[in-house]
Amino acid sequence: MKKNYDITIIGSGLTGLSASLALASLGYKIALIDPKPLIFDKKSFPDNRTTAISSGSVSFYKKIGLWKNLNKYACPIKKILVEELSSKLNTSFTSGANQEKAMGYMIENKNFIRTLLELTKKNNKIFKYDSKLLRFYRKRNGVFAILENNSEIESKLIIGADGRNSFLRKLARIDYTYKDYKQKAFTFNIEHEKLHKNLAIEKFLEEGPLAILPIKRKNNKNYSSVVWSCNFPDYYKYHNKSTKKLEILIQNYFERIYGKIKICTKVKTWNLSLTHAKKYVDKRVLLLGDSAHSIHPLAGQGFNLTIRGIQKIYDFADAEINSSKDIGKEKYLFNYSKKHYLDAALLILVTDKLNLFFSNSNFLLKNLRRSGIALFSRSNLARNVFKNYATRGSLLSIKND
Ligand SMILES: Cc1cc2nc3c(=O)[nH]c(=O)nc-3n(C[C@H](O)[C@H](O)[C@H](O)COP(=O)(O)OP(=O)(O)OC[C@H]3O[C@@H](n4cnc5c(N)ncnc54)[C@H](O)[C@@H]3O)c2cc1C
């Protein structure tokens, strides 16, 4: 039997859950499709990452009433230190005159997902189907999704939040560009002797950029999260989850800041690539999150870009709510695409070039990088562009300290 909703969302990762909650808060009836049930299982949860949330994303979560639930897990970033291999060459960024103001927040993905799952489960506007999308077809006034469990769902818009290998993107025949960075990211958490003092560090090692990010204190112990984007073939030295080698490396570089350091989670690796859909919308279809753009994690901006996309959908959904509730209309999708594609393309370009610049051991680029860090120390404009990029993920508005 056919069921009817306003919007169908495929995928219940960070993107699908956030988009469902945002649109349900306006009164839309959502069908959320993912074979994974809305249950958080700590033991089988495979993701040890911590997500950097920009101040812009926090404002949006506040607007849709979710921040009060997420805030208890969020650790503010108050200072960013950028340093070259030799720690003598460095520059730092703070929140400016107001030292108490956060430049962004870190939330462990296990707490992020668990909170969103719990809120989704309680939401009476969201109807979850523990099944997979198999195929879909469109008519003039609606779109129809057929699931593996034989359910058929009719709605006005289908949103693909089904990740970088999006099946909806494939079914809709939307082409994409792909670039393999030939890098692996190592992710793990460390426990350390000294307080992190809300410091985030980006250090440029020969093998690739390494970020250490603060996590909320637990049981009187100090923790930070590490993301190291390591180049081919260097990552083989640390592959097979060689915890001891990684621990020694971190200890050698960062003992002066953190004191004694111990890796306290499993080490996970992620193949790094860029996937960018050639268009984000098609008739009654919208691609969101990693299905539209999956970018390098160098500056922790991928999901923040997605939140900016959700905000744009929220805005036109808000305008439509008292009318036909048809947010799959061409005019909305066209406007969304026009605005979000430009925002995303710019961020993708900058992130891609920064990775080339900061992950390369080529002599010329190494020297350029040093000059770049020296420029950050001297030029207010360069500092503000970088700060805006790191804290808001946007290069379009530049504010002075
Ligand atoms: C190492 C690393 C660090 C990162 N750090 C940051 C950071 O600090 N800040 C930041 O902003 N971003 C960061 N990112 C990016 C961010 O993690 C991703 O953008 C985000 O997790 C993508 O979420 P998603 O929901 O779009 O996709 P996914 O998490 O891939 O979820 C897709 C969902 O779709 C479901 N699905 C797939 N196919 C189907 C189907 N046919 N039918 C139904 N369901 C389906 C899957 O089961 C899954 O639940 C990082 C990325 C990496 C790799």
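Any value given below was found using the heavy atoms of this structure, including those in side chains, with hydrogens, waters and symmetry copies removed. Just so you know, these numbers come straight off a predicted model, no measurement behind them. Note that ligands are numbered from 1 as they come in the structure, with each ligand's atoms numbered from 1 the same way.
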List below, pair by pair, the N or O atoms of ligand 1 and of the protein that are less than 3.5 Å apart, including the distance to 0.1 Å; reply 'none' if no pair qualifies.
| residue | atom | partner | partner atom | Å |
| --- | --- | --- | --- | --- |
| ligand 1 | 8 (O) | Ala52 | N | 2.8 |
| ligand 1 | 9 (N) | Ala52 | O | 3.3 |
| ligand 1 | 9 (N) | Gly300 | O | 3.0 |
| ligand 1 | 11 (O) | Gly300 | O | 3.3 |
| ligand 1 | 11 (O) | Phe303 | N | 2.7 |
| ligand 1 | 11 (O) | Asn304 | N | 3.0 |
| ligand 1 | 11 (O) | Asn304 | ND2 | 3.2 |
| ligand 1 | 12 (N) | Phe303 | N | 3.0 |
| ligand 1 | 17 (O) | Arg49 | NH1 | 3.2 |
| ligand 1 | 19 (O) | Asp290 | OD1 | 2.7 |
| ligand 1 | 25 (O) | Leu14 | N | 3.3 |
| ligand 1 | 25 (O) | Thr15 | N | 3.1 |
| ligand 1 | 25 (O) | Thr15 | OG1 | 3.2 |
| ligand 1 | 26 (O) | Thr15 | OG1 | 2.7 |
| ligand 1 | 26 (O) | Asp290 | N | 3.1 |
| ligand 1 | 42 (N) | Leu133 | N | 3.0 |
| ligand 1 | 47 (O) | Asp34 | OD1 | 3.0 |
| ligand 1 | 47 (O) | Asp34 | OD2 | 3.3 |
| ligand 1 | 49 (O) | Asp34 | OD2 | 2.7 |
| ligand 1 | 49 (O) | Lys36 | NZ | 2.9 |

Original post:
Is Asp175 salt-bridged to Arg173, going by a charged N under 4.0 Å from an acidic O?
Top reply: no
**OP:** Would you mind checking if Lys36 and Asp130 are paired as a salt bridge, meaning a charged N to carboxylate O distance below 4.0 Å?
**Re:** no
Original post:
Minimum heavy-atom separation for Asp282 to Arg138, with atom names?
Top reply: OD2-NH1, 2.8 Å
Original post:
Between Glu320 (side chain) and Asp326 (backbone), is there a donor-acceptor pair under 3.5 Å?
Top reply: yes
Subject >> Minimum heavy-atom distance between Phe60 and Ala22, given as atom pair plus value >> reply: CZ-CB, 4.0 Å
Subject >> Considering all heavy atoms, the nearest Ile310-Thr15 contact >> reply: CD1-O, 4.0 Å
